[in-house]
Protein chains: 4
Amino acid sequence: MDIKKKIIEQSIQLFEMKGFSETSIQDVVEALGVTKGTFYYYFSSKEQLLREIHLMYIDGLLKLQEQIMENPGTRYQTKLYETVKLLITQIKVTGRPARVFHREMRHLKPESASMVKQKRKLFRLNIQKIIESGMEHGEFRQDLRADLVAFAILGMCNWSYNWFDPNGPVTDEELVETYMETLLNGIVN
Amino acid sequence: MDIKKKIIEQSIQLFEMKGFSETSIQDVVEALGVTKGTFYYYFSSKEQLLREIHLMYIDGLLKLQEQIMENPGTRYQTKLYETVKLLITQIKVTGRPARVFHREMRHLKPESASMVKQKRKLFRLNIQKIIESGMEHGEFRQDLRADLVAFAILGMCNWSYNWFDPNGPVTDEELVETYMETLLNGIVN
Amino acid sequence: MDIKKKIIEQSIQLFEMKGFSETSIQDVVEALGVTKGTFYYYFSSKEQLLREIHLMYIDGLLKLQEQIMENPGTRYQTKLYETVKLLITQIKVTGRPARVFHREMRHLKPESASMVKQKRKLFRLNIQKIIESGMEHGEFRQDLRADLVAFAILGMCNWSYNWFDPNGPVTDEELVETYMETLLNGIVN
Amino acid sequence: MDIKKKIIEQSIQLFEMKGFSETSIQDVVEALGVTKGTFYYYFSSKEQLLREIHLMYIDGLLKLQEQIMENPGTRYQTKLYETVKLLITQIKVTGRPARVFHREMRHLKPESASMVKQKRKLFRLNIQKIIESGMEHGEFRQDLRADLVAFAILGMCNWSYNWFDPNGPVTDEELVETYMETLLNGIVN
DNA sequence: AATGAATGAGGTTTCATTCAT
DNA sequence: GATGAATGAAACCTCATTCAT
C-alpha cells in the first residue's frame, strides 16, 4: 500500500484516540517509521490531511445514501430504515473515521469546513426529503416538521458513535430495530 | 464578582468559540486584564479549570433532573417531557458551557473524566429509570429496551447543541413538542 | 543592563556578522545564556526585533541631523560637512547597527518597512533641503538637481559601510575631508 | 534556450524579488515547471548557482571596463565618464542581476567569495588607476587620495541600484551628467 | 537527462507552568 | 492576592540535498 494511504490510516487511528490537536505529526510519522519530511511531501499541512479524511468519509457516506434514495419501489419507511441502518452499521465498519469526522470538524480551515458542511447538509436534506415524500404519500404523519424530525434522527444515530460498541452486548441490528420502532411508532403503549 | 468566577466564565466563552486546546491561558487572562500568575493562584492547571466547568455543569443538570424525578404524582410521560424540555432549554440558558461540556471531555485527565462520566451516566440512568417505571405502570411499551431508548433520547437532545439556535426561526417549545411527539407516538400515520 | 537591551545588542552583532536570515533565535539566546522562551517574552517575533533595531537607528540619526539642521548661523557648506561627518563617524560609533540597517531592510514586514522607509526618506529630504537652501543663498551651483545630488552624497557615504574600517590606515577625518573636497570643488585640476 | 540558462535567469529574478535566503530551490524549479532533481543535475548546490550569477555579472562588467581602459587617446575625464555611464546604464540593462550581485555576496562560501571579491577589487583598482593617471597627466587635482575618490565614485554609482528607476522621471543620461558634474567640478558656486 | 520519493536538520513560534518577589 | 520574568518541551513546517530509477 502506498505511503500516503498509510499516513491517512495511521492519522485516523491517532486522531480518534487522542484527538486532532493532541496528535502531532511526529506521532504519526513515528508510528509509521518515516520522517516528518515524508509527511510534508504528501501533505501540505496537518489541516489538509484532516480535510482529506473528512471528504473521504462524507463522500463515501453520500454515495451509499444515493443508493438508498434511488432504489425504486421501496416504501419510505424502508428508505428511512436503510438510512438508520447505514449510519449505525458504519460504526462497526468505519468507527474510527466516523468519530474523527464528528469531533474534529472545528479544526478545518473555513474553506475546507464549508465544503464539508455543504456535503453534511446534503446528507441531512436527503433524510428530510425521505420524510417529506413519505408524508405526501400518506406513510407519515403530516403534523410534524420534516426538518426537525430529520435532525432528531441524525442526532439519535450520530450520538451512538459516543457510546455504542458494536462488539458489545447489543448488536447493531438490535439497536437499529429499537431506533426504528421508537421513531416510527413511538414508545407509548 | 470574584475573579475566579470571572476566569471560569471567560474560559467557557473562549473554549466554546475556539476549543479547549486552541485557547491558551494567555488568551483567558488577557481578556480579563489580569496575568498568568493570577490564573495559577486560583487554578492549579488548565485541566483543573476544565474539570470545574464540567462539574459545575453536570451538577446543575443533575439538580434540575432531581426535581423532575421527585415531583410526586406526575405521569412518566410528563417526566420525560420535562427532561427533554430541560435539555433543550439549557441551550438557550447555558448554550456555551453545554457545548464545552459535550465537546471537551476528552481533555480531562482520567481521574477527572471518570468523575464526570459517572455523573453523566447517572443522568442517563435516571432517564432510563423513568422509562422503566413508565413501562411497569403501563404507560410505555414493554417490548423495547429502556437503555437503548434512553440513549436515543439523549442523542436526539444533545445533538441539538450542534445546530439548534434558540434565537432562530424555530422556538425551543416547538422543538420539544416535535421531539416528544416523535418519541411518544412515532411518525407513522 | 536589562535583558531586552542585551538581546538587541547581541542580535545586532550576529545579524551584522551572519545576516538576518542566517541568524537563528537559537543563536541569539545561546550567546546570552537564556532560552528561546525568554526571547519571545520580550519580542513577539524575529521581525519585531529587527524593526526595533531599525527604528532605534534611524531615530537616533534623525535626532542628530536635527541638531545640524537647526544650528543657526552656519553656512550650508558647513551643514553639509556636518552631515557627511555624521554619517562617516557613525561607522566608528555604531558600525554594526548601521550595517544591519542598510542590509536587512528587506526582512521587515510591509508595515514596518514603510514606517522605516518614511524616516529614511525624511533624512534624505533634509539633505536635499540643505542643498536647495544653499543654492538659494548662492553658496551652491544652481544648475544641478538637488535631489540627485542628495542621492549622490548618500551613496558616497553609505557605501563606506561596505569597506571603511575606522581602525584602518585611513582616519574618518581624512575620509570626510576627501568626500567633502570632491563634493564641493570636484576633482578636476 | 537550454535549461541551465533558464534556471539562472529565473533564479536571478526570484533572488532579486525575495532575496537569496528567502528563495527556495523549490520556488525556482516550480516557476520553470521542472523538478528539484533537474536543478541538481545542473548545479551542485544553491551556492554554486549564486556563484555563477556573481561571476557572470562581474566578468561582464570587467570586460566592458577593459574596453574603456584600453580605448587609446581618450582623456581620463572621458574614461571616468564612461565608467560612471557604464555602471548607471547597467541598471537599465541588467538591473536585476546587479541588485542580486550587490546584495547577496554574503551568501557565497569563502572560496567563491574571495574569487568574486578579487574581481570586484580589480574593477575598483581600475577606476583608481584612471584617477591616478589623470593626476599624473594634470587632468585631476593631486591633493586627493585616488583610492578614496575611487570609493566615492563607486559608492555614488552603486547606491543608485537602491533607488534609481530607469523608467522613472529621471533619465539615466541625466543622472550620469549630474554625477559627473558633481564629481569633476563640485557643487560650490 | 530527468524524476520523485525521502531525509534530517534546523527554523520560528507557542504555551503550560514555576517561582521569587 | 497578584505579578512578571523565565523556562523548556514540543509544535508545525521548510528546505537543501541525496539517490535509485
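To find a chain, count down the sequence lines: A is the first, B the second, and so on, and within it residues start at 1.
When the ring pair (Phe, Tyr, Trp, His ring centres under 6.0 Å) test is applied to F123(D), no partner is found at least two apart in sequence or on another chain. In this view, Q13(D) and Q10(D), M17(D), R96(D) satisfy the side chain to side chain contact (heavy atoms under 4.5 Å, CB included) rule, not counting sequence neighbours. Considering only residues two or more places apart in sequence or on other chains, R99(C) meets the salt bridge (charged side-chain N to carboxylate O under 4.0 Å, His left out) condition with E16(C). Not a single salt bridge (charged side-chain N to carboxylate O under 4.0 Å, His left out) links K121(B) to another residue, sequence neighbours left out. Under the salt bridge (charged side-chain N to carboxylate O under 4.0 Å, His left out) criterion, R103(D) pairs with no residue, sequence neighbours left out. Considering only residues two or more places apart in sequence or on other chains, K4(A) meets the side-chain hydrogen bond (donor to acceptor under 3.5 Å, both in side chains) condition with E52(A). Partners of F20(C) by ring pair (Phe, Tyr, Trp, His ring centres under 6.0 Å), not counting sequence neighbours, listed by chain and number: F15(C), H107(C).
Following rounding to the nearest Å, H107(B) (NE2) and dA16(E) (P) show an atom-to-atom distance of 12 Å. Across the protein-nucleic acid pair, F43(D) atom CZ and dA1(E) atom C1' stand 15 Å apart, rounded to whole Å. Atom-to-atom, CD of E47(B) to P of dC15(E) comes out at 19 Å; the value is rounded to the nearest Å. One interatomic measurement links the two molecules: CD of E22(D) to P of dA16(F), which rounds to 11 Å at whole-angstrom precision. When rounded to the nearest whole Å, the span between CG of L50(C) and P of dT12(E) equals 13 Å. Residue I7(B) contributes atom CD1, which lies 13 Å from atom P of dG1(F) at whole-angstrom precision. Protein atom CG of D2(A) is 14 Å distant from nucleotide atom C1' of dG4(E), rounded to whole Å.
Counting only residues at least two apart or in different chains, side chain to side chain donor-acceptor pair (under 3.5 Å) contacts with residues 28-37 of chain D comprise T35(D)-T38(D).
Between the K109(D) side chain and the R51(D) main chain, no donor and acceptor come within less than 3.5 Å of each other.
Using a 4.0 Å cut-off on heavy atoms, the residues of residues 24-36 of chain B that approach DNA chain E are S24(B), I25(B), K36(B), listed by number.
Closest heavy-atom contact between P97(A) and I12(A): N-CG2, 3.6 Å.
Taking only side-chain atoms of K46(A), from C-beta outward, the nucleotide of dC13(F), dA16(F), dA6(F) with the closest atom is dC13(F).
Backbone-only engagement by T23(B) is indicated by non-hydrogen atom pairs under 4.0 Å involving sugar-phosphate atoms exclusively. Residue S21(D) is classed as having no contact, given no heavy-atom separation below 4.0 Å to the nucleic acid.
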Cut-off 3.5 Å, no hydrogens considered: what does the side-chain donor-acceptor table look like for residues 56-63 of chain C, sequence neighbours left out?
from, atom 1, to, atom 2, distance (Å)
Y57(C), OH, Y161(C), OH, 3.4
D59(C), OD1, K119(C), NZ, 2.8

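In this structure, Y42(C) does not reach the dG4(F) phosphate: none of its side-chain N or O atoms is under 4.0 Å from OP1 or OP2.
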Exercise. Could you summarise the pairing of DNA chain F as dot-bracket text, marking Watson-Crick and G-U pairs under 3.5 Å with ( ) or [ ] inside the strand and | across strands?
Key: .||||||||||||||||||||

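Around the NZ atom of K117(A), the shell of radius 6.0 Å holds no more than 12 heavy atoms that belong to other residues, nucleotides or ligands.
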Could you pull out the protein-nucleic contacts involving nucleotides 19-21 of chain E (nitrogen or oxygen on both sides, under 3.5 Å)?
none

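Nearest-nucleotide positions on DNA chain F place F39(B) closer to the 5' end than the other of F39(B) and F20(A).
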